[in-house]
Amino acid sequence: MLLTKECLLDEETACWCHPWTWRPNGSLMSGLTHEGHTRDVEQVYLRCSQGSLEWLYPTGAIIVNLRPNTLSPASARLTVCIKPSAHSSATNIYLDLNGRLRLLLREQDQASSKVHCFGIQEGALFIEAIPRTDISRRVTAFQYELTSNVHGVEEPSLADPCQPCSDAEVLLAACTKDFVARGSIRQVQQEEEHSSASVDISRLYRQKTQVFVPGGPRVRRWSGHIKMPLRCGLQSREGQFLFMGTVRFGEAWMGCAPPYKDFLRLYRQALSQGSNPCHLDTD
């Protein structure tokens, strides 16, 4: 059985999730698009920007085609990222480009739950079950997201997260990032492959998902964690910052984080010149 949970996009790219179910005999439960393929390989089409997939008791193979609902020239530049579940097993995952397979994830690689990204033009996902006599407790599962730099500015958290943001990038980030919040760094922890900053938030302008949680019903403060690759050398610093970044698989990743006083000076200058890309309440 194949189970998926997808995020469908409306014309304004708002997003909501629906569960989908597909059974091995080809019957559809909730409208998941699929078609037969040679040698009993099923074609599955996921037409959304993010979601998750589970393949229970895998046998044979499936081809997963990620096709966004919105068609534009930018669609060809989309990046696909997948994050296997820690209990994912029983298959090897390849990229299939016109019948040519390139190994992306072995079975033993999936338990680490590391994120793997590739360009959407590099091919579909070819997921091949490893033959076993007992598959009753086997499952292949992963989350996926499609991302793009639709505003023409490189994504610091995806491209070069350690590079300081320019003035133009800072102003644009305040308008477009998944989260924008003013606060301070309480502590920085070094983990295996990334740093994690524990932050206290005094003003929450925007968050795509709830990466920052409120301190209580009567306290207008929030707290949370923001991650950054270990090579960036994230350190504790005093003062107030404007944290801006990307939410990936439910986790906040740092993009631009200027001192708030520097952002305030930059924003007010842009406001006086009429060049601010959007309005931000700085009172």
Side-chain angles (χ1 to χ4, degrees), residues 1-9 18-132 135 138-149 158 248-249:
M1 181 185 296
L2 182 67
L3 303 176
T4 69
K5 189 175 184 180
E6 299 188 84
C7 257
L8 302 183
L9 299 181
H18 294 285
W20 302 90
T21 304
W22 172 78
R23 299 184 184 279
N25 62 10
S27 63
L28 296 178
M29 296 298 292
S30 301
L32 178 67
T33 305
H34 87 290
E35 63 183 32
H37 192 66
T38 58
R39 295 178 297 177
D40 297 325
V41 177
E42 293 287 342
Q43 292 268 6
V44 179
Y45 293 86
L46 304 182
R47 304 182 184 275
C48 52
S49 64
Q50 58 184 334
S52 60
L53 179 145
E54 285 187 333
W55 187 10
L56 307 183
Y57 326 131
T59 60
I62 59 173
I63 297 176
V64 179
N65 299 274
L66 298 172
R67 297 288 186 269
N69 275 344
T70 54
L71 296 177
S72 69
S75 298
R77 299 191 298 272
L78 287 173
T79 295
V80 181
C81 294
I82 67 171
K83 182 180 182 180
S85 169
H87 66 265
S88 184
S89 64
T91 62
N92 293 319
I93 301 177
Y94 301 83
L95 288 178
D96 180 2
L97 183 61
N98 300 324
R100 299 180 63 180
L101 299 182
R102 175 164 66 88
L103 183 62
L104 182 67
L105 278 170
R106 294 182 176 87
E107 178 188 29
Q108 57 268 33
D109 299 330
Q110 298 176 37
S112 65
S113 293
K114 292 182 179 179
V115 175
H116 295 263
C117 300
F118 56 92
I120 197 168
Q121 291 185 318
E122 294 183 55
L125 291 173
F126 183 94
I127 307 177
E128 184 177 38
I130 299 172
R132 284 193 170 90
I135 61 171
R138 303 290 180 176
V139 59
T140 291
F142 61 82
Q143 297 172 275
Y144 68 92
E145 292 184 356
L146 276 64
T147 62
S148 66
N149 299 317
L158 296 179
R248 301 185 65 192
F249 300 105

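Quick caveat: nothing in here was measured; it's all calculated off a predicted structure.
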When you look at Leu146 and Gln50, which way does the side chain to side chain contact (heavy atoms under 4.5 Å, CB included) test go after all the steps?
CA-CA 6 Å; Leu146 276 64; Gln50 58 184 334; over 6 Å; no
Mark yes or no for whether Ser113, through its side chain, and Pro84, through its backbone, hold a donor-acceptor pair below 3.5 Å.
yes
Could you walk me through whether Leu46 and Val64 pass side chain to side chain contact (heavy atoms under 4.5 Å, CB included), step by step?
CA-CA 7 Å; Leu46 304 182; Val64 179; 3.8 Å; yes
Given Leu105, which partner from the list Thr91, Asn92, Ile93 fulfils the side-chain contact (heavy atoms from CB on, under 4.5 Å) test?
Ile93
Sort out for me which residue in Cys48, Cys81, Ser52 forms a side-chain contact (heavy atoms from CB on, under 4.5 Å) with Tyr144.
Cys48
Is Val115 close to Phe249 at the side-chain level, that is, under 4.5 Å between some pair of heavy atoms?
yes
Go through the steps for Trp55 and Val139 under the test side chain to side chain contact (heavy atoms under 4.5 Å, CB included), then give the verdict.
CA-CA 6 Å; Trp55 187 10; Val139 59; 5.9 Å; no
Is there a donor-acceptor pair closer than 3.5 Å between any side-chain N or O of Glu145 and the backbone N or O of Ile82?
no
Would a 4.5 Å heavy-atom cut-off, applied to side chains only, mark Arg138 and His87 as touching?
no
Does Thr140 reach the side chain of Gln110, with side-chain heavy atoms less than 4.5 Å apart?
yes
Side chains of Lys83 and Cys117 in contact at under 4.5 Å (non-hydrogen atoms)
no
Mind checking whether Phe126 and Leu104 have side chains closer than 4.5 Å, heavy atoms only?
no
Side chains of Ile62 and Glu128: closer than 4.5 Å at any heavy-atom pair?
no
Close side-chain approach of Glu42 to Ile63, heavy-atom, < 4.5 Å
no
Does some side-chain heavy atom of Asn65 sit less than 4.5 Å from a side-chain heavy atom of Leu125?
no
Could you tell me whether Glu122 and Arg102 have a side-chain N and a carboxylate O separated by less than 4.0 Å?
yes
